[in-house]
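Worksheet: the structure to be examined is printed underneath.
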Amino acid sequence: MIKDLSPVRIAIFASGKGSNAREIIHFFQNGRHRVDGRKIEIALIVCNKAGAGVLNVAEESGIPWMLLEKEKFYNGTQYLEELSKRDISFIVLAGFLWKIPPGLIAAFPDRILNIHPALLPAFGGKGMYGNAVHEAVIASGAKQSGITIHYVDEQYDHGRIFFQASVHLSPEETPESLAEKIHTLEHQHFPAQIFRWVECKLSLNP
Ligand code: GRF
């Protein structure tokens with residue numbers, strides 16, 4: 001039997017600054033991380049916001065990118081076809097705020113992962129993004145916060161949890177200082193957890 005050595009291609013969906021996308025791209029660059037001899041490649045950046053920082057990250061890294069139109073994202077199969085044409089087999093959401101349509105979830109079963117900047121199931125759901133999350137954590141009097149990497153289902157911030165890591169809040173914590181701590185934690189863990197996830201999925205279903 002001929003061994004499959006085709007690259008494993010991941011799309012990152014992101015619409016913010018793209019600091020996580022940058023870390024992920026760097027982690028997998030030049031075939032540094034492989035599964036059973038297969039290179040893992042960040043093959044596409046998908047974005048819903050013209051001018052988002054993540055598009056500069058894509059340009060700098062020479063990674064193709066695609067801008068989504070809302071109408072087409074929620075109706076029809078054009079984007080599914082696009083992902084299939086580009087041979088994408090995993091999707092990572094890194095600062096992507098639109099709800100993922102059921103057709104996309106069905107086409108990528110257990111193959112879409114999101115990162116949330118708090119310890120779910122607390123502080124998640126619609127409207128819980130950016131500083132709103134950190135403000136709510138601080139207002140609650142919580143002594144710690146953290147990151148949650150989870151599977152994506154049809155509800156915001158709801159799918160099975162894959163990984164969590166936490167940080168302590170200092171008594172003088174502000175939403176801005178907490179955001180910085182959380183970003184550091186994300187950059188530290190997200191790329192390696194994506195690698196662990198891909199390894200684990202491919203060993204179950206090559
Ligand atoms: C991250 O904090 C992530 O948890 C959330 O969106 C933010 C994206 O930040 N889902 P960046 O664009 O990667 O800097």
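Atoms within a ligand are numbered from 1 in the order they appear, just like the ligands themselves.
- In summary, the side chains of Asn56 and Glu60 do not present any donor paired with an acceptor at a separation below 3.5 Å, with no hydrogens or angles considered.
- Ring geometry for Trp98 versus Tyr74: interplanar angle of 30 to 60°, hence tilted.
- Within the structure, salt bridge (Lys or Arg N to Asp or Glu O under 4.0 Å) pairs that include any residue of residues 179-195 comprise Glu173-Lys181 (at least two apart or interchain).
- Protein heavy atom closest to atom 8 (C) of ligand 1, with residue, atom name and distance, is Gly95 CA, 3.7 Å.
- Considering backbone and side-chain N/O of Asn114, none are found under 3.5 Å from N/O of ligand 1.
- Applying the 4.0 Å criterion to heavy atoms of Gly16 picks out, from ligand 1, the atoms 12 (O).
- Within the structure, the closest approach of Gly18 to ligand 1 falls below 4.0 Å when heavy atoms are considered.
- Between Phe13 and Phe96, the ring planes are perpendicular. Angles over 60° get that label, and only those under 30° would be called parallel.
- Per-residue contacts place Glu186 under 4.0 angstrom from the following atoms of ligand 1 (heavy atoms of the residue considered): 1 (C), 2 (O), 3 (C), 4 (O).
- Ser19 and His187 form a side-chain donor-acceptor contact under 3.5 Å, judged by distance and modelled atom types alone.
- Counting atoms of ligand 1 from 1 in the listed order, those under 4.0 Å from a heavy atom of Ile115 are 3 (C), 4 (O), 5 (C), 10 (N).
- Of all the atoms in ligand 1, the ones that sit under 4.0 Å from a non-hydrogen atom of Lys17 are 12 (O), 14 (O).
- Arg86 approaches Pro64 most closely through the heavy-atom pair NH1-CB, 3.7 Å.
- Heavy atoms of His183 come nearer than 4.0 angstrom to ligand 1 in at least one pair.
- Near Ser19, meaning under 4.0 Å from one of its heavy atoms, ligand 1 places the atoms 11 (P), 12 (O), 13 (O), 14 (O).
- For Pro191, the side chain to side chain contact (heavy atoms under 4.5 Å, CB included) partners are Glu23, Ile24, Phe27, not counting sequence neighbours.
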